[in-house]
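Quick notes on the structure that follows.
Bear in mind that the values here come from a model prediction, so they are computed numbers and not experimental data. Note: hydrogens, waters and symmetry copies are ignored here, and every other heavy atom, side chains too, is used. By convention in this document, chain letters (A, B, ...) are assigned in the order of the sequence lines, proteins followed by strands, and residues within each chain are numbered from 1.
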Amino acid sequence: MSSARSGQADGLAIQDLLRELAPQVLGALLRRHDGLDSCEDAVQEALLDAATQWPRSGTPANPRGWLLTVATRRLVDMLRSEAARRRREDAVYVATPTAPGAEGSIADAGAADRDDTLLLLFLCCHPALTPSSAVALTLRAVGGLTTAEIASAFGVSEATMAQRVSRAKQQIRDAGARFTPPGPAERDRRLGAVQQVLYLVFNEGYTASAGQELLRTDLTAEGIRLGRLLHTLLPDDAESAGLLALMLLTDARRAARTDTGGALIPLTEQDRGRWDQRLITEGTALVERTLATTKALGPYQIQAAIAAVHDEAASVADTDWAQVLALYQLLDTVAPGPMVSLGRAVAVAMVHGPQAGLAATGELAGALGRHHRYHAVRGHLHEMAGDRASAAEEYRTAARFATNIPEKRYLERKLTGLG
Amino acid sequence: MKYMLIIYGNQELWNSIDPAEQQRMFAAFDAFNKKHYASGELLGAYGVADAAATKLVRVRDGQPAVTDGPYLETKEYLASWYLLDVDSEQRALEIAAELPSAVFQPTEVWPILHEAARDTGADMGVI
């Protein structure tokens with residue numbers, strides 16, 4: 001029996017529990033006290049207290065109640081010292097409960113908690129915030145990560161990330177955003193903003209290269225964890241389900257996506273044996289269930305469906321490209337954009353041949369002429385058509401516009417391969 | 001996404017600016033730095049010292065040789081640079097336009113090569 005190992009396991013279990021409880025405790029605190037910034041700081045301090053005390057003294061019988069009590073005490077302390085500093089005694093008033101009777105609801109963690117967590121997501125992904133501010137705040141307030149962890153994940157200093165978080169809180173204050181549900185007309189737009197932020201978190205992790213530092217927080221896993229949370233909160237929302245499915249089906253390919261040197265391996269050349277079948281099964285089931293019942297077909301559901309077609313195919317040749325093309329056509333009507341048209345052009349090439357695909361990219365030169373992906377696709381299609389000179393020209397241009405190192409290396413390798 | 005803003009300049013150009021105007025410029029640069037450090041978008045702001053203080057290092061036959069220089073033939077040299085971490089190229093361009101020097105000297109906006117990209121998450125088709 002290794003006590004060191006079980007101690008470590010306990011530590012990880014406590015960390016998971018704390019991060020699960022973080023948004024619930026913050027939600028409960030916000031329900032009774034105004035001010036996201038001070039409430040959020042108070043919860044972070046309570047989490048820190050728990051992380052240092054619980055491994056020694058054991059996890060309390062009611063961990064959520066413990067955290068809420070400590071966070072409330074911290075908040076009152078903060079507001080008192082603030083009041084003293086400003087010589088404004090009445091600031092303590094802010095720390096008094098705003099909703100009489102709220103006390104009784106602390107202990108039961110049920111529907112109220114789910115509502116609180118959703119409200120917290122709406123608040124942290126408020127449209128008044130820039131995307132990077134919303135991402136930082138969501139990871140801290142809902143994800144329960146420390147500023148140092150978020151900073152390390154984004155490769156910026158802790159001071160920079162602390163600025164970003166406090167800036168985000170400032171923007172929320174300035175916008176007069178409250179911890180209250182948005183109206184029915186506003187709700188869809190706000191939910192869309194939440195989904196976009198979670199997808200940004202996921203993407204940030206997914207596109208990171210291999211060989212990352214050990215301390216780097218796994219943003220992909222965090223994106224999926226938050227995606228699961230959103231899906232649990234809103235099981236009937238088809239786009240939230242689609243978003244989770246898209247993350248699972250994309251993450252399934254992660255291990256096969258880069259080689260040991262960190263260079264990008266495209267879908268066509270990936271070792272499909274390294275795809276994660278457990279994630280594919282879960283993602284596929286989720287997207288099938290969602291598409292069967294959806295009342296509002298949206299871009300996340302369609303992208304998840306495209307990912308599912310790829311993930312289920314044993315090889316590029318086995319891929320149901322007609323199905324991919326049909327889905328891209330659908331995506332093009334629901335959420336048109338040059339990148340979607342580019343994806344459709346690839347599907348056109350796989351169904352109708354490279355010349356048809358090239359013709360389909362023609363109208364995109366204006367919008368994407370300075371984007372590496374446009375030239376990479378055209379390079380690939382020229383290569384399919386056997387025109388090596390044009391392919392080389394396109395790959396060269398693509399490599400010049402790429403700013404992502406693994407992608408740049410991949411494109412330069414393609415160029416060398418043609419030479 | 002990280003971007004580098006680069007401003008070229010020379011002592012002559014700077015000397016041609018009236019001293020009171022120079023003081024206003026310093027204050028404007030300070031305000032620019034403060035504002036963008038506060039948002040977390042500015043990661044660093046640097047400027048080079050006078051070209052007279054510069055040295056050149058070469059390695060010949062495994063031995064480093066240090067000399068004065070470079071004696072620039074170009075009239076303008078790298079004068080200052082700013083490292084940004086922003087949501088989009090659009091945002092980097094907006095910040096570049098806020099540089100107080102932008103009224104008399106253009107700013108180059110260079111994307112920085114990076115390991116991770118925010119815009120290329122989902123694999124698309126065959127690429």
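Atom CD of B:Glu108 is surrounded by more than 12 heavy atoms from other residues, nucleotides or ligands within 6.0 Å. Counting heavy atoms of neighbouring residues, nucleotides and ligands inside a 6.0 Å radius, atom CZ of A:Arg370 does not exceed 12 of them.
Rounding to the nearest 0.5 angstrom, the gap separating the CE atom in B:Met1 from the OG atom in A:Ser132 is 9.5 Å. Atom-to-atom distance recorded for B:Asp87:CG and A:Leu200:CG is 8.0 Å, nearest 0.5 angstrom. The CG atom of B:Asp85 sits 7.5 Å away from atom CE of A:Met161, with the distance rounded to the nearest 0.5 Å. To the nearest 0.5 Å, atoms OG (B:Ser39) and CD (A:Gln163) are separated by 8.0 Å.
With a threshold of 4.5 angstrom between heavy atoms, A:Ala345 does not approach chain B through any atom at all.
For the residue pair B:Pro111 and A:Thr403, the shortest heavy atom distance occurs at CB-CG2, 3.5 Å.
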